[in-house]
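First up is the structure itself, then whatever we jot down about it.
Throughout, residue positions are numbered sequentially from 1 according to the sequence presented. Whatever order the structure lists them in is the order used to number ligands and atoms, beginning at 1.
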Amino acid sequence: MQPVNVPLGARSYAIHIGKGPLARVGQECRKLALGRRCAVISDRNVAPIYSPAVLQSLRAAGFEPHLIVVPAGETAKCLKNVQACYDQLASHRLERQSFIVALGGGVVGDLAGFVAATYLRGVAFVQMPTTLLAQVDSSVGGKVGVNLPAGKNLVGAFHQPRLVLCDLNAFGTLPEREFRAGLAEVIKYGIIYDAPFFVRLERDLGKLLRRETRCLGEVVARCCEIKTEVVGQDETESGLRAILNFGHTVGHALEAISRYGQYLHGEAIAIGQVAAARLSAAQLGLPAADVERIRLLFHQCGLPTSVRLTPAQRTKLLAAMRLDKKVSDGEIKFVLAECLGKVRWGQAVPAALLHSVVDHLSPNS
Ligand code: NAD
Ligand code: GLY
């Protein structure tokens, strides 16, 4: 498969998608004129499976890699683990020319990318995403960061990777729930940018759920192309890039009020995208039939589309939304769909409508 190129001038890079690029990381890094010392940051689930091949490939190419293992899961994306990584980078004497390899899902990619953005005022990094969500979204585009107890991704930076290696073989060990969570970001691209792609997802869902490599490779590539087109036009989210946040205002708030423990990111944004579709129907006239197609596709992926909240939790959810990074002048700004494949960003929503949609997140309402 041809690499997808992210066109960002001096910060341009390639995304390689296929079966096996993980074991070629050393050769690929050799082409980038990086220093010899490097750190592979991975988590406790991924490191035992994939780090031996990655370390071997790096050593065979003449690099000196050090493995840093962090805990797995969303709660690991925190400043405490950033500090732990800095300490290990310093003890291994990584230098300005050294680089970091992020081997894992979006948590490792965001955390290791943030460490790379800030250690010694910035070192190079390579993304090796091992989840579907990370291959189609988080490894591309240079948003890196960690959570605060107050909210998701509240500390971060833009720091583009030098290379992204998406190995489709990694899906062979990915737990079912994690795989399905990744589909939430895949579907997002159809809603925000590419109606024919949404139709393809409706048609090929069976193949995707059976993890047929050919279909998955094409889907990962299309998602990376879309993300690349968006980021290529608006790297630092002064406008267009906001469309990638469709469903994330409610989704991030749900993650925050459940202390990042109940919902996977993909699950939270599946609920959030259904809420955003309902807001879109009320505000921009998205047809009710399309709202239902969106809900149904998430449901067929085995993703949640509703959530039972107590009145106190609803209040907390609305408060958490106000901490979202998209708030400006105290007003929450949403990405809303006019039709499948076309969205508008920066949309204010009347408080009464937002409250009503939050009330209707409950399964029986
Ligand atoms: P994750 O990184 O927590 O990975 C999911 C789980 O699967 C973890 O337990 C991990 O150890 C395990 N795992 C990963 N790959 C595996 C494999 N191949 N085999 C077996 N186990 C494997 O979660 P995620 O869904 O990849 O990423 C979610 C994070 O990504 C969130 O923090 C979200 O905010 C972030 N994100 C960032 C961006 C961005 O632009 N930076 C975009 C979307 C999401
Ligand atoms: N996932 C949102 C972004 O990369 O902008």
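Under 4.0 Å from ligand 2, not a single heavy atom of His248 appears. With a 4.0 Å heavy-atom cut-off, ligand 1 is reached by the side chain of Tyr50 but not by its N, CA, C or O.
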Item checked: Intermediate values then yes/no, salt bridge (charged side-chain N to carboxylate O under 4.0 Å, His left out), Arg214 and Glu212 -> CA-CA 6 Å; Arg214 190 190 167 120; Glu212 291 186 12; over 6 Å; no
Margin query: Set out, in order, the CA-CA distance, both residues' side-chain angles and the distance that settles salt bridge (charged side-chain N to carboxylate O under 4.0 Å, His left out) for Asp194 and Arg200, then state yes or no.
Written below: CA-CA 10 Å; Asp194 187 346; Arg200 180 194 179 162; over 6 Å; no
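Although no hydrogens or angles enter the test, the distance criterion places a donor-acceptor pair under 3.5 Å between the side chain of Arg211 and the main chain of Phe171. A donor-acceptor distance shorter than 3.5 angstrom exists from the side chain of Asp167 to the backbone of Leu22, with no hydrogens or angles considered. Here the side chain of Ser51 pairs no donor or acceptor atom with the backbone of Pro48 at under 3.5 angstrom.
Taking a cutoff of 4.0 Å between a charged side-chain nitrogen and a carboxylate oxygen, Lys143 and Asp110 do not qualify as a salt bridge.
Hydrophobic clustering places Ile68 together with Ile100 (ILVMFWY residues linked when any side-chain heavy atoms are closer than 4.5 Å, directly or through intermediates). By the rule that hydrophobic residues join a cluster once side-chain heavy atoms approach within less than 4.5 Å of another member, Val250 and Val357 end up as members of one cluster.
For the pair Lys143 and ligand 2, the shortest N or O to N or O distance falls below 3.5 Å. For ligand 1, the polar-atom distance check against Ala134 finds no nitrogen or oxygen pair separated by under 3.5 Å. Close N/O approach between His252 and ligand 1 is not found [any backbone or side-chain N/O within under 3.5 Å]. Considering backbone and side-chain N/O atoms, Gly73 never comes within less than 3.5 Å of an N/O atom of ligand 1.
Side-chain atoms of Phe99 and Val123, non-hydrogen and from C-beta on, never get closer than 4.5 Å to each other. Annotation: side chain of Ile332 is not in contact with side chain of Val349 (no heavy-atom distance under 4.5 Å).
Counting only non-hydrogen atoms, the option in Asn153, Asn147, Leu174 that gets closest to atom 16 (C) of ligand 1 is Leu174. Here the shortest heavy-atom distance to atom 32 (O) of ligand 1, taken over Glu185, Glu74, His265, Gln127, belongs to Glu74. Across Pro175, Gly113, Gly106, heavy-atom proximity to atom 23 (O) of ligand 1 is greatest for Gly106. Within the set Leu133, Val107, Val46, the minimum heavy-atom distance to atom 3 (O) of ligand 1 is found for Val107. Residue nearest to atom 20 (C) of ligand 1, selected from Thr173, Asn45, Asp167, Leu244: Thr173 (by heavy-atom distance).
Nearest protein heavy-atom neighbour of atom 36 (N) of ligand 1: Ser138 CB, 3.6 Å. Nearest protein heavy-atom contact of atom 35 (C) of ligand 1 is Asp110 OD2, 3.4 Å. Considering only non-hydrogen protein atoms, atom 4 (O) of ligand 1 sits nearest to Thr131 CG2, 3.6 Å.
Taking a cut-off of under 4.0 Å to the non-hydrogen atoms of Gly105, the atoms of ligand 1 that pass are 2 (O), 26 (O). Close approach to Ala72 involves these atoms of ligand 1, each under 4.0 Å from a residue heavy atom: 9 (O), 11 (O). Against a heavy-atom cut-off of under 4.0 Å, Lys152 is close to the following atoms of ligand 1: 31 (C), 32 (O), 33 (C), 34 (O). Every atom of ligand 1 is numbered from 1 in the order shown, and the set under 4.0 Å from a heavy atom of Asp43 is 10 (C), 11 (O). Counting the atoms of ligand 2 from 1 in the order shown, those under 4.0 Å from a heavy atom of Asp137 are 1 (N). Within ligand 2, counting atoms from 1 as listed, the ones closer than 4.0 Å to a heavy atom of Lys227 are 1 (N), 3 (C), 4 (O). Which parts of ligand 2 touch Asn245 is read off a 4.0 Å heavy-atom cut-off, strictly below it: atoms 2 (C). Ligand 1 places these atoms under 4.0 Å from at least one heavy atom of Lys227: 40 (O). Atoms of ligand 1 lying under 4.0 Å from at least one heavy atom of Lys77, given by number and element, are 31 (C), 32 (O), 33 (C), 34 (O), 35 (C). Heavy-atom contacts of Glu178 reach the following atoms of ligand 1: 5 (C), 6 (C), 7 (O) (cutoff under 4.0 Å). The contact set between ligand 1 and Asp137, taken as ligand atoms under 4.0 Å from a residue heavy atom, comprises 42 (C), 43 (C).
Relative orientation of the His248 and His265 rings is perpendicular, given thresholds of 30° and 60° on the angle between their planes.
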